[in-house]
Amino acid sequence: MSSIDQAVDAAFEPLRGRPGIDRVAAVVSNLADYGLIWVLLAGLKARRRGPDRRRAVVALATAGFSSLLVSRVVKAAVERQRPEDHLEASVRTPTSSSFPSGHTLAAFCTAFVLGDSEAGTAANVGFAAAVAASRVHLRAHHPTDVIGGAVIGSVLGLGLRPIVDVVTPGSVGRRGRRRRGGRGMRPAEVVLQQL
């Protein structure tokens, strides 16, 4: 693991200390702190009553609770020390053990669970990858902490997504189309689906 950490850390080193890049990394990391960005996204998805609101709320709650629980259990079991020299940035100082990256785990889990279309999921995963990179850039975690968080979060999110889809029938499905049966569909959408 140390060779992976050293290689990835060396790749990030030329970018550290550049005010613009450091600032972007801090903003991305802060947006992921306590799931702020995911709460905002779920709020946008839940702006109208109906099955999509229900799915957004259930997805956010499921991803948030599950990722927090899994992260705490694994952190307590591993108890890895964080990198010694953190980059000076206006982000919350982490106090828990380093493996896995909780920000990254929660970001990837929520990215998959909250995504209700292929494009939406891809955008979510892109942001989760930015969160992972920000945690390495800021030296809040070793690179393998972030890789572990991404893997655990992805597996957890991919496992929870079908459960959320079953619990919230009638919401937008995996391909961004309403599920069969027309529940929650406008009459024009029902006609277009039958064509």
Side-chain angles (χ1 to χ4, degrees), residues 24-75 90-92 96 100-135 146 149-195:
V24 168
V27 167
V28 169
S29 188
N30 285 329
L31 282 172
D33 208 14
Y34 297 113
L36 174 63
I37 190 72
W38 307 114
V39 171
L40 294 173
L41 182 58
L44 284 173
K45 290 176 176 289
R47 63 189 179 277
R48 283 182 284 188
R49 289 184 186 172
D52 291 341
R53 173 183 287 179
R54 197 166 41 253
R55 188 188 188 288
V57 170
V58 170
L60 182 66
T62 301
F65 177 75
S66 301
S67 61
L68 177 65
L69 179 65
V70 170
S71 178
R72 287 196 174 171
V73 167
V74 177
K75 281 178 180 287
S90 47
V91 293
R92 183 173 56 87
S96 60
S101 165
H103 280 73
T104 305
L105 191 157
F108 275 90
C109 178
T110 311
F112 284 109
V113 177
L114 194 57
D116 54 14
S117 69
E118 290 176 10
T121 301
N124 291 352
V125 170
F127 183 78
V131 171
S134 77
R135 301 306 283 169
V146 169
V151 170
I152 295 167
S154 296
V155 169
L156 183 61
L158 288 168
L160 291 171
R161 183 172 175 157
I163 296 168
V164 169
D165 287 344
V166 167
V167 170
T168 57
S171 62
V172 174
R174 284 196 106 160
R175 291 175 196 79
R177 291 179 283 174
R178 304 266 176 190
R179 295 204 183 125
R180 290 181 192 212
R183 290 194 337 198
M185 296 176 77
R186 292 184 207 106
E189 290 175 317
V190 174
V191 170
L192 288 174
Q193 185 181 27
Q194 291 173 348
L195 294 176

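The structure presented is a predicted model; accordingly, all values stated were derived computationally and were not measured.
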Practice prompt. Using the side-chain contact (heavy atoms from CB on, under 4.5 Å) rule, take Thr62 and Ile163 through it: C-alpha gap first, then chi angles, then the decisive distance, then the call.
Written response: CA-CA 10 Å; Thr62 301; Ile163 296 168; over 6 Å; no
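- Arg47 places a side-chain N or O within donor-acceptor distance of the main-chain N or O of Leu44, the cut-off being under 3.5 Å.
- For Ser154, the side-chain contact (heavy atoms from CB on, under 4.5 Å) test picks out Phe108, Phe112, with sequence neighbours left out.
- With sequence neighbours left out, the side-chain contact (heavy atoms from CB on, under 4.5 Å) criterion links Ala59 to Arg55, Val113, Leu114, Val164.
- Rounded to the nearest 0.5 angstrom, Leu160 CG and Asp165 CG are separated by 11.0 Å.
- Residues Ala32 and Val131 come closest through the heavy atom pair CB-CG2, 3.7 Å.
- The two atoms that bring Ser71 and Gly102 nearest to each other are OG-CA, 3.7 Å, heavy atoms only.
- The SG atom of Cys109 sits 12.0 Å away from the CZ atom of Phe65 when rounded to the nearest 0.5 Å.
- Here Leu41 contributes atom CG and Leu36 contributes atom CG; the two are 11.0 Å apart, rounded to the nearest 0.5 Å.
- With rounding to the nearest 0.5 Å, the separation of CG in Leu31 from NE2 in His103 is 10.0 Å.
- Residue Thr104 comes nearest to Ala150 through the heavy atom pair CG2-N, 3.6 Å, listed as atom of the first residue, atom of the second, then distance.
- Residues Ser101 and Arg135 share a closest heavy-atom pair of OG-CG, 4.0 Å.
- Under the 3.5 Å distance criterion, the side-chain polar atoms of Ser29 are left unmatched by any main-chain donor or acceptor of Ala25.
- Here CG of Leu69 is found 9.0 Å from CG of Leu156. Values are rounded to the nearest 0.5 Å.
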Discussion item. side-chain contact (heavy atoms from CB on, under 4.5 Å), that's the test. Do Ile152 and Val70 meet it? Break it down for me.
Written reply: CA-CA 9 Å; Ile152 295 167; Val70 170; 3.7 Å; yes
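- Checking side-chain atoms of Ser66 against main-chain N and O of Ala63 turns up no donor-acceptor pair under 3.5 Å.
- For Ala46, the side-chain contact (heavy atoms from CB on, under 4.5 Å) partners at least two apart in sequence or on another chain are Arg53, Ala56.
- Considering every non-hydrogen atom in both Arg161 and Thr121, the closest pair reads NH1-OG1, 2.9 Å.
- Across all non-hydrogen atoms, the minimal contact from Ser67 to Gly64 is OG-O, 3.3 Å.
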